[in-house]
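Here is the structure we will look at, set down as structure tokens.
Sequence positions, counted from 1, serve as the residue numbers for this chain.
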Amino acid sequence: MVPVSSSNLRAVGYDAASQTLRIAFISSGVYEYSGVPASVHAGLMAASSHGSYFDAHIKKGPYRYRKVG
């Protein structure tokens, strides 16, 4: 997990082999998103606003998720 500067996200982790994105939110715990391409993870990490990118490309995307912590 890599800490990020965001008002909503605390840290982001990614496993390229399983295409699993893990996000720790400041107020709602840790979630895993399945089937996330490396390009989407790269876009999230490069975005000027991690929260806005997450909302537009991951939260509203086709990815299944589950709370893990």
Separation of [Y] [atom2] from [X] [atom1] (nearest 0.5 Å):
| X | Y | atom1 | atom2 | result |
| --- | --- | --- | --- | --- |
| I58 | L21 | CD1 | CG | 5.0 Å |
| S6 | F54 | OG | CZ | 10.0 Å |
| K59 | Y31 | NZ | OH | 10.0 Å |
| H57 | S39 | NE2 | OG | 10.5 Å |
| M1 | Y14 | CE | OH | 14.5 Å |

Item to check | Nearest non-hydrogen partners of V30 and A24, listed with the distance | outcome: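 Smallest interatomic distance, heavy atoms only, reads CG2-CB, 3.9 Å.
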Item to check | Heavy-atom closest pair, residues Y63 and P37 | outcome: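 Of all heavy-atom pairs spanning Y63 and P37, the closest is OH-CD, 3.5 Å.
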Determine whether [X] and [Y] make a side-chain contact, defined as any pair of heavy atoms from C-beta on separated by less than 4.5 Å.
| X | Y | result |
| --- | --- | --- |
| H50 | L44 | yes |
| F25 | N8 | yes |
| K60 | D55 | yes |

Checklist entry - Would V36 and V2 show up in the same hydrophobic cluster when neighbours are defined by side-chain heavy atoms closer than 4.5 Å? => result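 Yes; tracing contacts between hydrophobic side chains, which count when under 4.5 Å, links both residues.
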Checklist entry - Does Y33 share a hydrophobic cluster with M45, counting links as ILVMFWY side-chain heavy atoms below 4.5 Å and allowing steps through other members? => result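 Yes, one cluster joins them.
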Next on the checklist: Any side-chain to backbone donor/acceptor pair from R22 onto E32? Under 3.5 Å, distance only.
Outcome noted: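 No, R22 side chain to E32 backbone: no donor-acceptor pair under 3.5 Å.
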Next on the checklist: Going by the rule side-chain hydrogen bond (donor to acceptor under 3.5 Å, both in side chains), which residues pair with R64 if we only count those two or more places apart in sequence or in a different chain?
Outcome noted: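 Testing R64 for side-chain hydrogen bond (donor to acceptor under 3.5 Å, both in side chains), a comparison that skips the adjacent residues, returns none.
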Checklist entry - Does S18 have any side-chain hydrogen bond (donor to acceptor under 3.5 Å, both in side chains) partners at least two apart in sequence or in another chain, and if so, which? => result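 D15, T20.
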Checklist entry - How about Y65: does its OH atom have over 12 heavy atoms from other parts shown lying under 6.0 Å from it? => result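 Incorrect, the count does not exceed 12.
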Checklist entry - What's the verdict on side chain to side chain contact (heavy atoms under 4.5 Å, CB included) for H41 and V12, showing C-alpha distance, side-chain angles and the deciding distance? => result CA-CA 9 Å; H41 170 251; V12 175; 4.0 Å; yes
